[in-house]
There are 2 protein chains.
Amino acid sequence: MPRNTRTSSGRPSVTLKDVAERVGVTSSAASMALGGHGRISEKTRQAIREAAAELGYVPSSAGRALRNQRSGAVALIVPDTSQHVLGHSYFMHVLTGISAAANARDVQVILSTTTEEAGDVAAYQRVVRSRSADGAIVTSAAVTDPGLEALVASGLPVVLIGNFPYLPDAVSVGIDDVAASRRATEHLLDVHGRTELVHVTGPLDHQTGIDRRIGFLDAIEASGGRAHGRLLEGDFSEAAGRQAVESLLGRGTGVDGIVFANDDMAFGGLQALKAAGRSVPGDVSIVGFDDFGLSRVTTPGITTMRAPAEDMARRATERLFRVIDGSGGSPDRLTLPVDLVVRDSCGCPAA
Amino acid sequence: MPRNTRTSSGRPSVTLKDVAERVGVTSSAASMALGGHGRISEKTRQAIREAAAELGYVPSSAGRALRNQRSGAVALIVPDTSQHVLGHSYFMHVLTGISAAANARDVQVILSTTTEEAGDVAAYQRVVRSRSADGAIVTSAAVTDPGLEALVASGLPVVLIGNFPYLPDAVSVGIDDVAASRRATEHLLDVHGRTELVHVTGPLDHQTGIDRRIGFLDAIEASGGRAHGRLLEGDFSEAAGRQAVESLLGRGTGVDGIVFANDDMAFGGLQALKAAGRSVPGDVSIVGFDDFGLSRVTTPGITTMRAPAEDMARRATERLFRVIDGSGGSPDRLTLPVDLVVRDSCGCPAA
DNA sequence: CTGAAAGCGCTTACAG
DNA sequence: CTGAAAGCGCTTACAG
């Protein structure tokens with residue numbers, strides 16, 4: 001029975017000292033042997049390894065973190081100020097991507113949801129200042145979020161997922177929302193010949209909302225008067241999509257194509273169109289944005305722009321590791337391609 | 001400029017010593033002042049608090065964890081041996097519940113996906129043995145998973161989500177899958193008068209698969225010969241649901257009701273039924289299980305049993321805190337109620 | 001080349 | 001009552 005400490009819950013905890021004592025060496029020697037460093041003879045190294053295995057020794061993350069000044073963890077910070085609250089399938093993709101990259105480096109993932117009041121700068125910084133994580137991935141923050149700017153400016157290793165044109169010093173991974181939204185709009189315009197278009201925007205204090213709106217307007221403008229475009233403000237919620245369509249139909253204005261800034265709103269709009277007896281895509285073609293899961297399972301399936309959330313998260317995490325390591329720390333931005341996923345809601349023949 | 005250490009990435013890190021020096025006291029005094037303990041005069045305490053705020057001091061989690069023998073974090077362990085891999089909406093609900101409970105106690109959440117080969121006992125234990133988490137929530141492990149039994153037996157604070165009748169020493173939170181599945185089946189039997197029933201099972205090395213199968217058979221048996229029941233084995237995947245229905249229709253056997261062991265399979269089955277020209281619920285009534293999001297958005301909406309995943313996770317986490325604290329550590333089980341969520345796929349009039 | 005000390009940051013038991 | 005040491009577990013720079 002090794003002489004060891006006990007945790008708060010009374011479990012025995014095996015330390016390096018226990019391993020060392022069993023073999024009759026110092027804990028320094030045990031550390032070096034297990035770390036593959038130093039000049040420990042092959043024989044004692046072997047004995048130490050065996051003792052460690054027998055005792056079920058696993059290094060204390062706290063001891064190691066304190067000594068190394070590095071926790072071996074990264075944090076995903078989820079601001080609750082966002083429309084994309086935890087619980088949205090978007091985060092499932094993000095978490096999957098982060099986990100994949102973190103597992104490859106044997107790094108822990110900390111999930112940090114900031115339940116604090118909005119604008120609390122400390123809320124962002126706490127996890128990294130406490131050094132429980134060596135760096136952070138932040139996603140879907142509002143443009144108006146002041147904490148984010150402070151976080152980036154503080155020099156903490158942070159990689160953002162999304163677009164942050166107002167944060168030139170940030171490292172970020174995202175997509176070209178303007179181009180993607182323009183492409184979605186052009187699909188209705190050019191492939192389906194729709195001319196009376198409506199865009200239901202996202203929240204305009206989020207960059208994605210801003211950019212997708214611009215892309216829509218760009219496409220209308222590029223049509224040279226061939227198409228007519230109107231805007232309705234939404235907030236990325238299913239309810240907003242439903243309400244937008246209801247108000248649209250209520251006003252009796254003509255519409256043959258709707259570009260929703262995301263799939264949740266497209267689904268809400270789809271339901272409202274069906275409820276009003278409008279055929280999709282017969283009467284109205286619709287497209288969404290995201291492809292996080294919803295758009296595939298509705299009837300009709302929603303044609304959408306696929307935002308590669310998992311891949312963005314994986315790349316962001318890999319990039320974060322480089323920032324933490326001090327290699328490639330210059331601010332930059334990675335833009336991933338977006339695919340048009342054709343389903344039934346636009347009017348394309350079923351696959 | 002305080003004299004302070006630097007992290008690996010070169011950031012200055014404010015420690016208790018920096019705070020203490022600015023005020024001209026020892027770090028012990030600073031610790032006591034900030035902790036609200038000890039007999040520090042109100043005046044210096046005030047000064048210390050101010051200094052801490054000015055410097056942006058946040059306690060080092062490693063230093064604190066090492067000293068307190070407690071990390072202040074809990075881990076969600078996700079075995080990848082499961083059908084419920086990370087990326088499934090189930091985990092989003094679980095994470096939301098864990099986060100809510102953890103935030104209320106200012107505890108960190110670590111997401112631990114075990115990418116190791118199945119059966120690696122150490123994979124389960126590593127996170128807790130390294131003391132990076134004070135306890136763990138484990139969910140959706142296979143019945144055949146040997147690591148889980150070892151984990152529970154090791155005495156580490158663990159709370160399981162799900163049913164584990166073969167682990168009497170475990171603390172767990174779950175639902176009564178047998179009763180819930182029976183109730184779903186009886187809904188088709190009694191409310192809709194369906195008599196030719198089929199159950200598409202989950203994987204039978206998972207307790208949920210086993211139990212939901214039993215519930216179906218119980219309902220058939222209780223019908224006293226009024227209804228006929230058959231079984232088709234699935235694995236909780238959409239593809240399995242589709243294939244089950246295809247084989248069913250291929251054989252030309254009569255069926256007027258299908259009880260799917262989860263919603264993913266129900267959706268797959270629904271697609272196959274539609275593709276074959278069978279009306280749901282006109283020709284065939286179907287019910288699913290879970291209600292994690294999918295069943296609400298399909299057409300028709302899938303009638304299902306709602307497994308309160310978020311609530312289970314929240315309760316499991318609260319229970320875990322009690323185990324960690326040493327209060328209420330006796331093995332027990334909490335069973336939460338399951339609601340029948342009526343949608344269109346069973347034949348009930350639209351809400 | 002090897003053994004043992006120093007110190008990461010924290011909190012509390014202990015000496016004065 | 002207050003000040004300063006001890007020690008959590010680890011790794012590596014340093015003394016011998």
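Order of the sequence lines fixes the chain letters, A, B, ..., with proteins taken first and strands second; residue numbering starts at 1 for each chain.
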From D/dC10, C/dT11, D/dA13, nucleotide with atom closest to B/Ser27 side chain:
C/dT11

Of the listed nucleotides (C/dA4, C/dT11, C/dC8), which one gets closest to any side-chain atom of A/Thr26?
C/dA4

Rounded distance (Å) that lies between atom C1' of C/dC1 and atom CD of A/Glu42:
17 Å

Exercise: identify the closest heavy-atom pair between A/Ile40 and A/Ala33
CG1-N, 4.0 Å

Taking atom P in both C/dA13 and D/dC10, what distance in whole Å separates the two?
23 Å

Using a 4.5 Å cut-off on heavy atoms from C-beta on, say whether the side chain of A/Phe91 contacts that of A/Thr139.
yes

Per atom distances to the B/Gln69 side chain, the nearest of D/dT11, D/dC8, C/dG9 is D/dC8

Can you tell me how far P of D/dC10 sits from CZ of B/Arg131, to the nearest Å?
6 Å

Starting at the 5' end of DNA chain C and moving along, which residue's nearest nucleotide shows up first, B/Ala29 or B/Ala62?
B/Ala62

Over how many whole Å does the gap from A/Glu21 atom CD to D/dG9 atom C1' extend?
13 Å

Report yes or no: do A/Ser112 and B/Gln108 form a side-chain donor-acceptor pair below 3.5 Å?
no

Specify the separation, in whole Å, of atom CZ of B/Arg67 and atom P of D/dG9.
11 Å

Distance check needed: D/dA4 P versus B/Leu16 CG, whole Å only.
15 Å

Length of the line joining B/Tyr57:OH and C/dG9:P, which is rounded to integer Å
10 Å

Side-chain donor-acceptor contact under 3.5 Å, A/Ser172 with A/Asn163:
no

Scan A/Ser28 against the nucleic acid and name what it touches under 4.0 Å (heavy atoms): base, sugar-phosphate only, or nothing.
base

Heavy atoms only, 4.0 Å cut-off, all strands: where does B/Ser60 land among base, sugar-phosphate and nothing?
sugar-phosphate

For a quick check under 3.5 Å, do B/Ser41 and B/Thr44 share a side-chain donor-acceptor pair by atom type?
yes

note: B/Leu66, atom CG; C/dT12, atom P; distance rounded to Å ~ 14 Å

Of the candidates D/dC8, D/dC10, C/dT11, the side chain of A/Arg64 sits closest to D/dC10

In whole angstrom, what separates A/Lys43's NZ from C/dT2's P?
13 Å

So, A/Ser13 and B/Arg131: side-chain donor and acceptor under 3.5 Å apart, yes or no?
yes

With side chains defined as the heavy atoms from C-beta onward, is the minimum distance between B/Leu34 and B/Ile48 less than 4.5 Å?
yes

Each stem that DNA chain C is part of, given as range with range (3 or more consecutive Watson-Crick or G-U pairs, under 3.5 Å)
C:1-3 with D:14-16, C:5-12 with D:5-12, C:14-16 with D:1-3

